[in-house]
Colleague: 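Below: one structure in structure tokens.
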Amino acid sequence: MTTTALQRDLETARLRVEELRTLVRYHDYRYYVMNQPELGDSDYDALLHELRALEERFPELVTPDSPTQRVAGEPSPAFGVVEHREPMLSLSNVFDAAELRQWHQRVARLLERDDFTFVCEPKIDGLAIALQYRSGRFAVGATRGDGARGEDITANLRTTRALPLVARPPAAGLGFDAFEVRGEVYMSKAEFARLNAEQAEAGRPLYVNPRNTAAGSLRQLDPAVTASRRLELFAYQLGWVEGGTRPPTHWDALDWLHAAGFPTNPHARRCASIDEVEAFCGEWAERRDELEYAIDGVVVKVDEYALQRRLGTVGREPRWATAFKFPAEQAVTLLRGIDVSVGRTGVLTPFAVLEPVFVGGARVSIATLHNEEQIRLKDLRIGDDVIVQRAGDVIPEVVGPVISRREGRTLQHFAMPARCPVCDTPVVKEQDAAASYCPNRRCPVKLARQLEHFASRGAMDIEGLGERFSFRLVELGFVRTLADVYALHERPEDLLALEGIGAKTLDNLFARIEASKAQPLRRLLIALGIRHVGGETALALATHFGSLRALRGASAEELAAVNGIGPIVAQAVHAYLHDEEYAALLDALAAVGVRTDDEQAARGGPLEGETIVVTGSLERWSRDRVEALIKSLGGRVGASVTKQTTLLVAGDGGGSKRARAEALRTRIADEAEFVALLAERGWRERA
Ligand code: IVH
């Protein structure tokens, strides 16, 4: 591009960036301050997304006060940054007693004993903080941020009376030159009520929940504001220490913290068995409302530090602790309407449009309704007050209507639209199935979603070809079939004319598209989006047939004979491969050079003769890598455990395959044992 064209681009971007910032600020104000949002979450996200994309492309337009500079856990430039010496981790979750026991079993297996103790603590629904003390004095306080770096909120924390500015002289032998304490800052229910009464009196909008209010209070630029709100604190962890030896157990550390003047939770309990832990969790699920603060579960920790160290961390979660989450929180709100979205396969999915409501700490304005049948079964009518629930981080759902509130309302039954809301094609209802779908193969939304899926991580893995770009390419007619992706490089000018696409971005995209041609057959099979074909099925088919040509030559019966493939899946695959249009697509993909075979197993390798199934997650390799490794060493990879399976490599999680392998007395190896086995057979990891 010429210099003047670039400048013109920059000018256009500057105007749009300013407009976007004004919009985002306005909607923030509606949401956080007035508590009267006008936009749905996804529309709001779209604004931020566009802003972020423009700022990425034109870094010269970034300003410290841009809304992008303070969202998503990134330190606000108004506060300094604190690097956490040890990362602030999150916790895995368990949702019931059975999952709790599974967690315990894994821990016991890893430790090769089950005589260890636990500490159980109420899980406070507040804000994690890290406090540094030097020579006994409070020196630095920080938020969690992204876990590695947080915001320096020392000045505000100083105003929190629960926080000791000077730690008390500790018991003999347990002094430290410096140490870190981790804990949770929260606002009590009473303080939250007091603050809201004050707001109401002054005619100001109400705060939404204690958690967000506590977080907002701590991130005030003016510490005087923080000081005017009473925040509380519980210390729940002793972090790093300098100049001293830490106590041997977490329970002792809590004692030490308490003695040093930190508030610790009085309900924390040391438990000698998993039965006791389960009883503690059950008790607090019942009693949670008795507490003066909100809790959303119980944190269960292995007590002894030496054992914690042995268990270590996977990803960002320690193996030595887990959060027992209480059952879903519910709220009642108005069902304003029912809309329909069109998915990749054309299935129409109704979803609830709700009067925004806070449930389980999040604002909910839409919820899934699954299908028409569910709406009928639940007897939902537009205009009803409905119960909404959110469990953990999952998508909210509508439980049912509040029948007692129906009187005097005008209610409306939902009817599935007779035509696709996107392309207006008459909708088809599957016999016996609850689903309605748009049969139009050229329905733009279907195609856009297929494209997004085609390019996604587990499929052809074309980074940069996400939801928004997929929709644009389809909208503009640049992609009419999936094979058109591989012709995009022929029209660089058209693409450069699009907003948010620079020459560099485009070059990268073309390179990734080109590279995607080398994906093995199993990835291509996933990418095509054939009904019922997910990762496991694709792997089974690719491994069995080895090439697209062989696969296309197979009859439905031959397909069904493959291990792990049932008759319905076989039928769907066969129908796809022999459909005229899809056959043409496959030919077109092959013609542009997309790879159509799978990696061949290496003959004579150390795993020759082995059929290995991998389950759960491994630390050392991704699933793809370990499967590629097995094949490169001459082994076969199986999708499910059968009599032919010679070895199950079991990582974390993955229960049913392990059970099956146990039933079949198949050899099972954990990750370390598998590595040892490879080493035994002469395999050495390349540096
Ligand atoms: S221990 C590695 N104990 O829950 C262990 N966390 O997802 C780190 N939380 O961000 C946490 N009460 O803010 C622990 N008694 C407690 C807690 C607690 C609340 C929060 C904490 C953390 C989140 C974990």
Side-chain angles (χ1 to χ4, degrees), residues 72-73 82 84-95 103 107 118-131 141-151 153 157 160 162-163 180-188 209-212 214-215 218-219 231-240 246 249-251 253-255 257-258 262-271 277 280-281 284-285 288 291-305 307-326 360-362 391-393:
V82 175
H84 298 302
R85 213 189 278 184
E86 287 163 12
M88 288 185 84
L89 302 170
S90 25
L91 290 171
S92 61
N93 293 317
V94 296
F95 291 94
W103 172 79
V107 171
F118 307 87
V119 174
C120 292
E121 300 158 26
K123 185 168 185 295
I124 315 294
D125 196 9
L127 188 76
I129 45 146
L131 311 167
T143 60
R144 177 176 189 277
D146 62 5
R149 306 157 87 226
E151 285 173 329
I153 50 164
L157 280 170
T160 303
L163 178 146
E180 185 200 49
V181 174
R182 293 187 176 173
E184 196 88 349
V185 169
Y186 65 95
M187 182 175 278
S188 73
N209 66 10
R211 193 194 171 278
N212 292 8
L218 270 186
R219 297 184 70 260
L231 294 177
E232 318 269 348
L233 160 76
F234 279 128
Y236 59 61
Q237 205 180 358
L238 178 61
W240 51 259
R246 50 163 62 245
T249 69
H250 174 60
W251 185 252
L254 288 178
D255 262 354
L257 286 168
H258 190 66
F262 294 91
T264 51
N265 195 298
H267 303 294
R269 190 186 300 164
R270 191 182 219 171
C271 296
V277 171
F280 184 93
C281 295
W284 284 105
R288 61 193 294 197
L291 296 172
E292 244 318 294
Y293 41 85
I295 63 173
D296 58 354
V298 169
V299 183
V300 184
K301 305 174 183 174
V302 172
D303 190 18
E304 246 183 86
Y305 286 138
L307 298 186
Q308 288 189 3
R309 267 194 302 278
R310 271 180 56 196
L311 288 164
T313 301
V314 241
R316 298 164 67 92
E317 297 169 355
R319 270 194 284 242
W320 47 265
T322 195
F324 179 94
K325 287 303 219 35
F326 293 151
D393 297 323

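Remember, it's 1-based here, ligands and their atoms both numbered in the order they're listed. All values reported here derive from a predicted model rather than from experimental measurement.
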Colleague: Just distances here: any N/O of Glu184 and N/O of ligand 1 closer than 3.5 Å?
Modeller: yes
Colleague: Quick one: does Lys301 get a heavy atom under 4.0 Å from ligand 1?
Modeller: yes
Colleague: Checking contacts here: is it the side chain or the backbone of Lys123 that comes within 4.0 Å of ligand 1, counting heavy atoms only? Could be both or neither.
Modeller: both
Colleague: For Thr249, is there any backbone N or O sitting under 3.5 Å from a side-chain donor or acceptor partner on Asp303?
Modeller: no
Colleague: For Glu121, take its heavy atoms, then give the atoms of ligand 1 lying under 4.0 Å from any of them.
Modeller: 3 (N), 15 (N), 16 (C)
Colleague: Please report which non-hydrogen protein atom sits nearest to atom 8 (C) of ligand 1, along with the residue it belongs to and the distance in Å to one decimal place.
Modeller: Gln237 OE1, 4.1 Å
Colleague: So Thr322 and Val107, do their side chains get closer than 4.5 Å, heavy atoms only?
Modeller: no
Colleague: Checking the side chain of Gln308 only, and the main-chain atoms of Trp320 only, is there a donor and an acceptor separated by less than 3.5 Å?
Modeller: no
Colleague: Answer yes when Glu180 and Arg85 have at least one side-chain N-carboxylate O distance shorter than 4.0 Å, and no when they do not.
Modeller: no
Colleague: Hey, which atoms in ligand 1 end up nearer than 4.0 Å to a heavy atom of Pro122?
Modeller: 12 (N), 15 (N)
Colleague: Check contact between Pro318 and ligand 1, using heavy atoms of the residue and a distance below 4.0 angstrom.
Modeller: yes
Colleague: Check Ala321 against ligand 1 and report side chain, backbone, both or neither, counting heavy atoms closer than 4.0 Å.
Modeller: neither
Colleague: Keeping His84 on the side-chain end and Thr143 on the backbone end, is there a donor-acceptor pair under 3.5 Å?
Modeller: yes
Colleague: Of the side chain and backbone of Val299, name the one, both, or neither that has a heavy atom under 4.0 Å from an atom of ligand 1.
Modeller: side chain
Colleague: Does the residue Gly183 have a heavy-atom contact with ligand 1, meaning some pair of atoms that are separated by less than 4.0 Å?
Modeller: no
Colleague: Please indicate whether any nitrogen or oxygen in Ile124 is less than 3.5 Å from any nitrogen or oxygen in ligand 1.
Modeller: yes
Colleague: Is the ring pair Phe280/Trp284 parallel, tilted or perpendicular, if the boundaries are 30 and 60 degrees?
Modeller: tilted
Colleague: How about Phe234 and Tyr293: are their ring centres within less than 6.0 Å of each other?
Modeller: yes
Colleague: Between Glu121 and Asn265, is any pair of side-chain heavy atoms under 4.5 Å apart?
Modeller: no
Colleague: Check each of Phe234, Tyr186, Tyr236 against atom 14 (C) of ligand 1 and report the one with the nearest heavy atom.
Modeller: Tyr236
Colleague: Taking only heavy atoms of Ala128, which atoms of ligand 1 are found under 4.0 Å from at least one of them?
Modeller: 10 (O), 13 (O)
Colleague: For atom 7 (O) of ligand 1, what's the nearest protein heavy atom and its distance?
Modeller: Leu91 N, 3.4 Å
Colleague: Hey, what do you get for NZ (Lys301) to SG (Cys120), rounding to the nearest 0.5 Å?
Modeller: 10.0 Å
